[in-house]
Amino acid sequence: MRSEYQFRDIEKAWQGFWEQNQTFKAQVNPNKPKYYVLDMFPYPSGAGLHVGHPLGYIASDIMARYKRLQGFEVLHPMGFDSFGLPAEQYAIQTGQHPAITTEQNITRYIEQLKNMGFSFDWSREVRTSDPSYYKWTQWIFMQLFNSWYNQDSDKAESIETLKHILAVKGSVGLKAVCEDDVERISAEAWNAMGEEEQYAYLLNFRLAYLDDSVVNWCPQLGTVLANDEVKDGLSERGGYPVEQKKMRQWSMRITAYADRLLRGLEEVDWSDSLKEQQRNWIGKSIGTDVEFAIEGIADKKIKVFTTRVDTIYGVSFMVLAPEHEWVAELTKPAQQVDVDAYITWTKSRSELDRVSEVKTVSGVFTGSYVINPLNNERVPLFLADYVLAGYGTGAVMGVPSGDQRDWNFAKHFDLPIPAILDAQKDIEKQADNTKEGKYINSGIINGMGYKEATDTLIQWLEEKGIGKGKVQYRMRNAVFSRQRYWGEPVPVYFKPTATGQLLPYLIQESELPLELPKIDKYLPTETGEPPLGRAADSWKYQGQYDYEWSTMPGWAGSSWYWYRYMDAQNDAAFASAEAVNYWKAVDLYIGGSEHATGHLLYSRFWNKFLKDLGYVAEEEFAKKLINQGMIQGRSNFVYRVKNTDQVTFVSHGLKDQYDVAALHVDVNIVENDILDVEEFKRSRNDVPADAQFILEDGKYICGWEVEKMSKSKFNVVNPDDLIAKYGADT
RNA sequence: GCGGGUGUGGUGGAAUUGGUAGACAUACCAGACUUAGGAUCUGGCGCCGCGAGGCAUGGGGGUUCGAGUCCCUCCACCCGUACCA
């Protein structure tokens, strides 16, 4: 009889006991203090659970067990973020419905997670792709559509309160977060509108709204690509050209919450680095909007945003984004050819390319001039792709003496570099962004210091009605449409007005969930519509109106899931008031830092919105957050001898005698650094059967190195294998 | 490019304010015990050197009586960069 620890039997027995006795089932129990420990739920990929997943799950499991022993009622759930691109790509290739592969992957994940013996309450499992779950994702979308952001109360309110304000006061003095170019109207004008006209007007104020956004469009694939799927201006699949194209998309007005998202960081126990990343992402800057008149065009003015209005006398050029809507009108015939060529070129460049290449200057003169309102000088108007249409006003003023990129631009196009501060040094050699000293060559602010000059200019501009102080955020509103199949359908249909304009309407709440229709292929349609367009003939609201064909992004389902765990089976609400008021918020959230500016920001946004509407208890959803690190892997290497006719590998101890190239080899065919040569030949089709191996002591010894664990380094170990070999506790 | 982070033995990591660098653990080496070992115990273990000693916290420079810690500068790697999850 062997006396060693029989982990296979013992672990299996206890896991069975826990399941039968529901040992880890959580309940609303007002007699006990609660503790909510949450893991970032995984995407169920086809590769199965990676060893990186348990790294965080082990930490949270330790906390969950510890808190239970301390007498807390502990909520420690697990679920699956099961909508996403990989399942859709697989469906496109195989015709297999993504729901089927997703189901299989989840089954595997659950088996793996149970083998590890985590103390999850599996009765609360959620799956974002399950209609009983996405019913509530769609419901939240409906609430966002039915809301506007009132800056007076500093919260989201029902669109009904806006209707009331419009009927009584109109929108002239209304403080709402909305599109900049919304026409301001009087109460009389509002009341004189027809019902459809009023409805169309309200669309400008909703927190979920339609807007033009720039996307990566691949004409050959007929689809929109993620930046991730674009490499060097070509699609990763197929290598086709990708261009920047404007499309009508759903967006979420997250910018309405920018300031609250900043302030909320002060009350959460998250790492300083993570908070800093969010602050920088939101990017609050205080500056000034200034309007420049256009020479020869009386009815239009170009608006720029600047954080350094004090440098306005140093302006020697102006730059518009190539996508700016007035480009066609502002381009003179003599420059038309150059401008067209430049725009064509920028269309091939991703946003990341555009802002990251600062060494090379590119741009083109439009032939037009604007007028500096302070000194009435003519300022040449250029296009350059470092200016982004989606940020600020899509136009910037060029001040070469104070900004290095502007300085480079001015040198390249041989533009003047006027000095504006007596403290600026060597501006013929480089820009000097100092705010020190007194202004020179600067009209009404000559002799002043920075603060006085800024205040004087803002006051002057506001009096003349051509500028005003403004807070600008770097963060943009969040695009919410995806031209994909495997996501939540948007619960909207389109109905034409009397004039034929299509307006979006919500379906009835009682009609939720709006389930994904079955389609024959998962590709976009031949006319470039999203995949759901394939169901258009039969999939109609009340048999006559087209539904929205785009689906929601991956972040929709993950931006509220912690509430569903509180009351996962509830069919009447996303969670009952009783459950929400007991569990309140996540006490400890564990996951990767890569979610700093995506998931964690979107989730805070939706949480604040749900709080405004009174559906949840807390302003911040995760009180404490810990980022787990990454798993390192021990990589193995083989050494291929260079410049030989016959493919030859030399063992590690002898490699210095040859000219060799080190190649990663799969660690799963290496044991104690000894390579399984036969398996190596079998598993690699780039290694011929007659390959030579120069051995030492009859063995092929591999080299090794510690690196990030990743597929490309062939150093990934499978948790199943490790558990089978050593047991879950190990 | 920009934002955030990390760099200390084979590995995970210690080192309170600037005051003995490498605690603790693991791996490895040698030995003991044992029917057996994925158990236990003992010793060794940053690098060079027989030794005395010298060198060493990504590289270079600086401040200081004294620097892993402070300053400057450079490098490498990781995360994010808005439709991967």
Side-chain angles (χ1 to χ4, degrees), chain A residues 1-5 7 40-45 47 50 52-53 55 80-89 128 213-218 223-230 236 242 247 249-252 254-255 270-283 350-360 386 388 390-391 404-405 408 474-484 486-487 530 550-558 591-602 627-634 672-673 703-710 725-727 730:
Chain A
M1 166 113 187
R2 287 158 68 86
S3 61
E4 72 185 45
Y5 176 55
F7 61 81
M40 291 187 186
F41 61 167
Y43 174 78
S45 81
H50 180 278
H53 290 118
L55 178 61
F80 301 94
D81 188 14
S82 49
F83 272 131
L85 259 188
E88 177 159 334
Q89 303 291 12
T128 58
S213 308
V214 177
V215 297
N216 298 311
W217 176 251
C218 180
T223 187
V224 174
L225 299 174
N227 281 339
D228 216 46
E229 301 173 286
V230 183
E236 204 173 33
V242 175
M247 282 182 78
Q249 308 265 291
W250 285 98
S251 283
M252 288 285 166
I254 187 173
T255 52
W270 294 14
S271 74
D272 289 339
S273 64
L274 201 131
K275 290 181 183 181
E276 191 64 10
Q277 284 181 70
Q278 290 209 345
R279 281 190 199 104
N280 290 332
W281 182 264
I282 295 166
S350 75
E351 196 176 291
L352 191 57
D353 291 337
R354 291 170 56 163
V355 293
S356 59
E357 277 178 35
V358 294
K359 283 170 192 151
T360 51
Y386 72 85
L388 302 177
Y391 177 63
Q404 191 58 41
R405 192 161 49 182
N408 294 346
R474 196 188 75 96
M475 179 171 67
R476 307 198 290 258
N477 282 326
V479 180
F480 198 71
S481 292
R482 298 293 182 269
Q483 277 58 45
R484 312 279 186 197
W486 194 229
S550 69
T551 53
M552 298 189 195
W555 58 266
S558 60
S593 62
E594 69 272 22
H595 298 289
T597 55
H599 163 60
L600 289 172
L601 207 53
Y602 295 130
N627 296 127
Q628 87 262 14
M630 70 175 167
I631 295 247
Q632 303 264 77
R634 194 173 182 279
N672 293 330
D673 292 336
W704 63 275
E705 210 173 294
V706 174
E707 299 180 288
K708 180 195 173 186
M709 188 174 281
S710 94
K725 214 166 163 183
Y726 305 108
T730 317

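Chain letters run A, B, ... following the sequence lines, proteins first and then strands; every chain starts at 1.
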* Structure fact -> With the side chain defined as heavy atoms from C-beta on, Gln249(A) is closest, among G3(B), C83(B), A85(B), to C83(B)
* Give one of base, sugar-phosphate or nothing for Ser481(A), where a contact means two heavy atoms less than 4.0 Å apart. => base
* Asked: Is there a donor-acceptor pair closer than 3.5 Å between any side-chain N or O of Gln278(A) and the backbone N or O of Ala596(A)?
  -> yes
* Determine which nucleotide pairs with G1(B), using a 3.5 Å limit on both distances of a Watson-Crick or G-U wobble pair. => U81(B)
* To do: Whole angstrom is fine here: how far is it from CG in Asn477(A) over to P in A82(B)?
  => 16 Å
* Asked: To the nearest Å, how far apart are Gln628(A) CD and U6(B) C1'?
  -> 16 Å
* Asked: For Asn627(A), which contact category applies under a 4.0 Å heavy-atom criterion: base, sugar-phosphate, or nothing?
  -> nothing
* To do: For Trp281(A), answer base if it contacts any base atom (sugar-phosphate contacts may also be present), sugar-phosphate if it contacts only those atoms, and nothing otherwise; contact means non-hydrogen atoms under 4.0 Å.
  => base
* Asked: Since syn is defined as within 90° of 0, does G10(B) count as syn or as anti?
  -> anti
* Asked: Roughly how many Å is it from NZ in Lys275(A) to P in G80(B), rounded to a whole number?
  -> 22 Å
* **U26(B) and G44(B), which share atom name C1', separated by this distance in whole Å** => 16 Å
* Please state whether the phosphate of A82(B), meaning OP1 or OP2, lies under 4.0 angstrom from any side-chain nitrogen or oxygen of Asn227(A). => yes
* What is the distance, rounded to the nearest whole Å, between atom CD of Glu594(A) and atom P of C77(B)? -> 20 Å
* Distance between the C1' atoms of C29(B) and G46(B), in whole angstroms? -> 16 Å
* **Touch class at under 4.0 angstrom, heavy-atom based, for Gln483(A) against every strand present** => base
* To do: Mark yes or no for whether Glu229(A), through its side chain, and Ala226(A), through its backbone, hold a donor-acceptor pair below 3.5 Å.
  => yes
* Asked: If only atom types and distance count, is the side chain of Arg482(A) paired as donor or acceptor with the main-chain N or O of Gly487(A) below 3.5 Å?
  -> no
* Roughly how far apart, to the nearest Å, are U17(B) and G10(B) at atom C1'? -> 34 Å
* Quick one: is A82(B) close enough that its OP1 or OP2 comes under 4.0 Å of any side-chain N or O from Arg476(A)? -> no
* Asked: On a whole-Å scale, what distance lies between the C1' atoms belonging to U57(B) and A15(B)?
  -> 11 Å
* Expressed as a whole number of Å, how far does the C1' atom of G58(B) sit from that of A23(B)? -> 23 Å
* For Arg484(A), report the nucleic acid contact type (base, sugar-phosphate, nothing); a contact means any heavy atom under 4.0 Å. => base
* Protein-nucleotide distance (Asn280(A), atom CG; G1(B), atom P), rounded to Å -> 17 Å
* Atom P, compared across A36(B) and G22(B): separation rounded to whole Å -> 39 Å
* To do: Check the distance between C84(B)'s C1' and Met552(A)'s CE and give it to me in whole angstrom.
  => 20 Å
* Using distance alone, with no hydrogens and no angle criterion, decide if Thr255(A) and Asn477(A) have a side-chain donor and acceptor under 3.5 Å apart. => yes
* **C1'-based separation of U20(B) from U69(B) [nearest Å]** => 16 Å
* Structure fact -> Heavy-atom nearest nucleotide on RNA chain B taken for Leu85(A) and for Leu274(A); more 5' hit belongs to Leu274(A)
* Which nucleotide, in any strand shown, forms a Watson-Crick or G-U wobble pair with A76(B), with both distances under 3.5 Å? -> U6(B)
* Asked: Ignoring hydrogens and geometry, is there a side-chain-to-backbone donor-acceptor pair from His53(A) to His50(A) under 3.5 Å?
  -> yes
* Atom-pair distance (CZ on Phe41(A); C1' on C84(B)), nearest Å -> 15 Å
* Is a donor on one side and an acceptor on the other found under 3.5 Å between the side chain of Trp486(A) and the backbone of Ser82(A)? -> yes
* For the student: nearest non-hydrogen atoms of Val479(A) and Ser213(A), plus distance -> CG2-OG, 3.6 Å
* Sugar-phosphate, base or nothing in reach of Glu276(A), heavy atoms under 4.0 Å -> sugar-phosphate
* Looking at C79(B), G4(B), C84(B), which one has an atom nearest to any side-chain atom of Gln277(A)? -> G4(B)
* **d(CZ, Phe83(A); C1', C84(B)) in whole Å** => 16 Å
* **Proximal nucleotide (of G4(B), A85(B), G80(B)) relative to the Ser273(A) side chain** => G4(B)
* Using a heavy-atom cut-off of under 4.0 Å over every strand shown, decide if Glu88(A) touches base, sugar-phosphate, or nothing. => nothing
* Which nucleotide, in any strand shown, forms a Watson-Crick or G-U wobble pair with G31(B), with both distances under 3.5 Å? -> C41(B)
* **U73(B) and A14(B), which share atom name C1', separated by this distance in whole Å** => 29 Å
